Amino acid sequence: MSSVMEMPPEIAQSKKIAVFCGARDGARPGHLLLAREFGTALARRGLDLVYGAGGVGVMGAVAHSVIDAGGGVTGVVPRFLHERERADNAPGALFLVRSMHERKALMYRLSAGFAVLPGGFGTLDELLEVATWNQLSLMRKPIVVVNHQGFFDPLLGMLDHLVREGFLKEAERSLIQEGRDVEDALDLLTAARTQPVPAAV
């Protein structure tokens with residue numbers, strides 16, 4: 001059972017990594033295995049998880065693995081999803097917000113960096129929005145896709161295509177880094193220096 005809170009009493013982000021990923025299992029068992037491996041490795045490095053408060057799929061596998069390995073877990077969910085999906089069953093502390101926009105904004109504020117695992121529309125939305133926030137200098141926090149077995153190859157290829165077509169600069173393209181495996185991704189996340197989101201955002 002989650003402990004439900006309306007808003008965080010204090011933003012403490014230095015040890016928190018947000019993970020964007022799917023609430024479904026995916027077509028291959030390797031997606032859940034990757035999620036469990038990532039959650040375990042995250043906690044073993046002394047890092048806590050911020051996520052979208054889903055108790056199933058890749059999202060749930062990450063959260064349960066962090067808790068099993070002794071790490072902290074913070075979920076952020078809009079009220080309508082909390083009521084529809086019974087998110088009380090999601091592991092970890094739970095913050096309720098009014099909208100999807102507030103959900104993402106709070107996740108960004110809580111986190112020192114962002115890891116991206118397999119997922120669908122929501123995962124891509126979160127990835128591209130947080131990259132845009134970095135592009136616009138609203139924050140400076142590392143973003144790493146965990147490209148296990150080439151899952152994100154088509155997306156990374158599209159980003160390179162945008163550079164060739166003149167819609168992204170090389171420096172902007174480099175805002176989304178690639179981790180070939182879990183440890184590589186965590187090395188990239190923990191090596192980077194971060195700047196918080198301004199309070200007015």
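The basis for the numbers below is simple: all heavy atoms, side chains too, and nothing from hydrogens, waters or symmetry mates. In this text, all values refer to a predicted model and were calculated from it rather than measured experimentally.
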Distance-only criterion, 3.5 Å: show the donor-acceptor pairs between side-chain atoms of residues 31-49 and protein atoms not counting sequence neighbours.
unit_1 : atom_1 : unit_2 : atom_2 : d
T40    : OG1    : R36    : O      : 3.0
R45    : NE     : E183   : OE1    : 3.4
R45    : NH1    : D187   : OD1    : 2.9
R45    : NH2    : E183   : O      : 3.4
R45    : NH2    : E183   : OE1    : 2.6
R45    : NH2    : D187   : OD1    : 2.8
D48    : OD1    : G72    : N      : 2.8

Would you list the pairs meeting side chain to side chain donor-acceptor pair (under 3.5 Å) in which at least one residue belongs to residues 152-161, sequence neighbours left out? N147-D153, D160-R173

Quick one: which residue pairs count as a side chain to side chain donor-acceptor pair (under 3.5 Å) with a foot in residues 121-132, not counting sequence neighbours? K104-D125, K104-E129, Y108-E129

Is there a path of hydrophobic side-chain contacts, each under 4.5 Å between heavy atoms, that joins [X] and [Y]?
{"X": "V58", "Y": "V56", "result": "no"}
{"X": "L136", "Y": "V163", "result": "yes"}
{"X": "V76", "Y": "F121", "result": "no"}

Of all the heavy-atom pairs spanning [X] and [Y], show the shortest one and how long it is.
{"X": "G92", "Y": "I67", "answer": "N-CD1, 3.8 Å"}
{"X": "I176", "Y": "L127", "answer": "CD1-CD1, 3.9 Å"}
{"X": "A171", "Y": "S174", "answer": "O-OG, 2.6 Å"}
{"X": "A53", "Y": "L94", "answer": "CB-CD1, 3.2 Å"}
{"X": "M107", "Y": "V50", "answer": "CG-CG1, 4.0 Å"}
{"X": "P142", "Y": "Q177", "answer": "CB-NE2, 4.1 Å"}

Can you list the residues that meet the side chain to side chain contact (heavy atoms under 4.5 Å, CB included) rule with L175, with sequence neighbours excluded? N134, Q135, R140

Those residues that, when tested against D68, pass side chain to side chain contact (heavy atoms under 4.5 Å, CB included) (two or more places apart): none

Does the side chain of [Y] come within less than 4.5 Å of [X]'s, by heavy atoms?
{"X": "M100", "Y": "L81", "answer": "yes"}
{"X": "R109", "Y": "M139", "answer": "no"}
{"X": "K16", "Y": "T74", "answer": "yes"}
{"X": "K141", "Y": "F114", "answer": "yes"}

Going by the side-chain contact (heavy atoms from CB on, under 4.5 Å) test, name the single residue among V130, I143, L124 that passes it with F20. V130

What pairs with R24 under side-chain hydrogen bond (donor to acceptor under 3.5 Å, both in side chains), at least two apart in sequence or on another chain? none

Gap between atom CZ of R103 and atom CG of L96 - 0.5 Å precision: 11.0 Å

